[in-house]
Amino acid sequence: MGRNMNRVSIVYAALCGFAGLLTAAASAQEVKQETKSASGHAAVSPVTQEQLNTADKNATNFLLTNGNYAQTRFHPAKQINRDNVKKLHVAWIFQTDVKESLETSPIVVDGVMYVTTSFSHVYALDAKTGVQLWHYNHKMGPITTYCCGPNNRGVQILGDLVYVATLDSKLVALNAKTGDVVWKTDIADPEAGYSETMAPTVIKDKVLIGTNGGEYGVRGFVKAYDAKTGKLLWTFNTVPENSVGVWATKDATGRDMHRNIQAEKDQLAKTGDPYQKLGGGVWQNPAVDLATNRIYFVVGNPSPDLDGSIRPGDNLYTDSLVSLDLDTGKYACHFQYIAHDVWDLDAVSPPVLVDVKGKDGKTIPGVIHAGKTGHVYVHDRKDCSLIRFSEAMVPQENMWVLPTKEGARMLPGANGGVEWSPIATDPAQSLAYAINLHQPMNYFVENSPYPNGKLWLGGAFKAIPTEAQAGNITAVDYNTGKIKWQVKTPEPMIGGILATAGGLVFTGEGNGKFAAYNSSDGKELWNFRAGAGVNAPPSSYMVGGKQYIVVGAGGNTQVDFHRGNNIIAFSLD
Amino acid sequence: MIGKSKGTFVVAVGLGFGLSLCRSFPAGAQSSEDKAQVCTGCHGQEGKPIDKTIPVIWGQQAGYLYIQLRDFKRNDRKSEVMQPIVASMERQDMMDIAEYFAKKPWPDLGQPRASKDVSDRALSANHSIGCTGCHLDHFQGDGTVPRLAGQSREYLEKTTADFRTRARGNNPGMSDLMIATSPDDLAALSEYLSGL
């Protein structure tokens, strides 16, 4: 934990004292290790499974990280619309104690907001005023091993428990009213390269969580825990013991990936299946199909990122869409976008369940994912098969040139395209809204053996200083694959986007700009300067009959955008 | 007891860096302070190392210090001085020592700020390779990632060069990144970071 954290802890201890705060905890030892300020009490009713199931129709709350189990990030509130959004103004600003990368999706339940910050802090706020109700300051273990910033993307609530996964790879259940720890369990060993930055998905008394670690030679997974007790229910290893696959030579779009299959087969004969250290992190939430009881998530890159010589085969299920049975964690189907990836152009942005037009033009249940490649991929939900892919949203050059010792230039750069940033959708317009990075990079390869949980890149991706970077907001018609509109931005985009029934999309930029756009044509209708990078997904909710839009402005570690510590809520007069 | 330990483990200064300089880790040391005494001979009684190629460990991230001790013991990181010292350390000893030094204040080595030209070059290199992606804003480090701000320039130059040749072999990811960065850029980074 950084020095800043220690100072924060001391301040809270001094201001608030401990004795009155540490009540009704499951474990006295756990409570002693935490500090928590409680200027109030979060008066929330328990969140029912039925409420979560129908979150997509709930204009009052924002109950899941991506809005609902289908992860559409389409909020049904429409008080703020294309005509009046120009009058949007700051309702309140809450300053967290942590000035570091902010990727939280605010969750709102009946006027109480839950946000997280870097280093796994959780805050409960009054969603109408921004007043702090409680603060959970996780006592971080000394060993953390993580990529791309000490981020946390949020919580989920079921019943009266708030679930958060921490940087030192623990799953923690907090009392939603008080912030007290109810239970805590180890997910994986941080010394072996595991960490947590994603928000859990809680469904039918199960807490689903993936893992980071694709840059550290972990074996990735999705795990399900009992929501009441924290007991492990099932584990799905994202890399199966037979990870070889079908020796695919082309990517999902049909382009040759220049694999040397014979060399890989020779390596396989020599060193065997590399499944145990093959990476395959899961960075973002699964979507849940309530009708079929199946979950859909994407799996990240193989380890080491750029050196494929020591990991022969397709490296299943890295860089893939995967579907499982929710109850058992058993495999249902997968689709691999890039077999044997050596560019870290993996699958990170959370998949979304929407009805789509199949190849024969008939509407079927679909699942869509926006890739680092810059394509939106459209799949048949039944068997994960690819129906179509969109036009490229970013420049693509020299794909798929292999990384070299001297460095080989290829676009997109290793961050994408679309990074972890969730997309939004507007099913009535059959549009998917994605934010993209454009970062020209050289790809370098180096060879080194597995380093016991250390950074294991197998080379480097290096931004080319003489080439300009940029970004864009793109609306894609997922029934045709055509780009409907695109707004260029001066810097790469990372964070997330929200669509509303008011005909709007909201998203922010690394330079501090937060703006609303007409969701049909991309015309900018309003903007605000937050003073720090707006690199978090916005949420929408209502309190007292008034609609609010809320977003974190804390900058970003990965792309090094200006840091801040603000949660900013906006409303109309 | 502590006083006695101090007397036992004070190390002669100014004799160079032979194995003879640093004593072995004391069997039976109980307190973190006892355990940490063996380090002060080289890393300094008040946090200022006795030689510029020796890193500052006062105020360094605990996770990082622990991992380095662990790696010296595993021979993943090689040092004729460090390996005999850590040979008899158990995991808890390493954790205790790491926590002990992490709580100390970072010493001011009095290194000058880099010039604007050097700073610009360093920041451009950071932009390309993404040092702050792990070492975080202001290069303060966290967990198993070390603070770089205010570290000894000579140590930074030596260890980045050792990463580059893989003479320092306990973080191949860092080696890959250093190999992809030119020596001139690394020199600018060392100068810039030391002056923060």
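A, B, ... follow the sequence lines: proteins, then strands. Residue 1 opens every chain.
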Practice task
Go through A:Glu406 and A:Asn442 one step at a time and tell me if the side chain to side chain donor-acceptor pair (under 3.5 Å) criterion holds.
Solution key: CA-CA 9 Å; A:Glu406 299 73 32; A:Asn442 286 323; over 6 Å; no
Problem - Residues in residues 130-139 of chain B near chain A [non-hydrogen atoms, under 4.5 Å] - result: B:Thr132, B:Gly133, B:Leu136, B:Asp137
Problem - Criterion side-chain hydrogen bond (donor to acceptor under 3.5 Å, both in side chains) against A:Lys454, the qualifying member of B:Asp71, B:Thr144, B:Asp76 - result: B:Asp71
Exercise for the section: Select one option (side chain, backbone, both, neither) describing which atoms of A:Gln469 are under 4.5 Å from chain B's heavy atoms. Expected result: side chain
Problem - Distance-minimising heavy-atom pair for A:Asn415 and A:Leu437 - result: O-CD1, 3.3 Å
Practice task
Hey, can you tell me if B:Phe101 and B:Trp58 have their rings parallel, tilted or perpendicular (30° and 60° cut-offs)?
Solution key: tilted
Handout entry: Interface residue of largest heavy-atom contact number with chain A, from B:Ile129, B:Leu65, B:Asn170, B:Thr181, under 4.5 Å
Key = B:Asn170
Practice task
Below 4.5 Å from any heavy atom of chain B, which atoms of A:Pro449 appear? Answer side chain, backbone, both or neither.
Solution key: backbone
Practice task
Measure distances from A:Asn452 to the heavy atoms of chain B and classify the residue's part below 4.5 Å as side chain, backbone, both or neither.
Solution key: both
Problem - Side-chain donor-acceptor contact under 3.5 Å, A:Tyr443 with A:Asp344 - result: no
Exercise for the section: Answer with yes or no whether the side chains of A:Gln276 and A:Tyr450 bring together a donor and an acceptor at under 3.5 Å. Expected result: no
Handout entry: chain B contact via A:Leu167 - which portion, at a heavy-atom distance below 4.5 Å
Key = side chain
Handout entry: Residue, of A:Gly458, A:Cys147, A:Ser101, A:Gly453, that accumulates the most heavy atom pairs under 4.5 Å with chain B
Key = A:Gly458
Problem - Passing candidate, side-chain hydrogen bond (donor to acceptor under 3.5 Å, both in side chains) with A:Glu100, options A:Asn151, A:Asn556, A:Thr557 - result: A:Thr557
Practice task
Taking ring pair (Phe, Tyr, Trp, His ring centres under 6.0 Å) as the test, write out the residues that go with A:Trp420, two or more places apart.
Solution key: none
Practice task
Answer yes or no: is there an ion pair linking B:Lys116 with B:Asp120, defined by an N-O contact shorter than 4.0 Å?
Solution key: yes
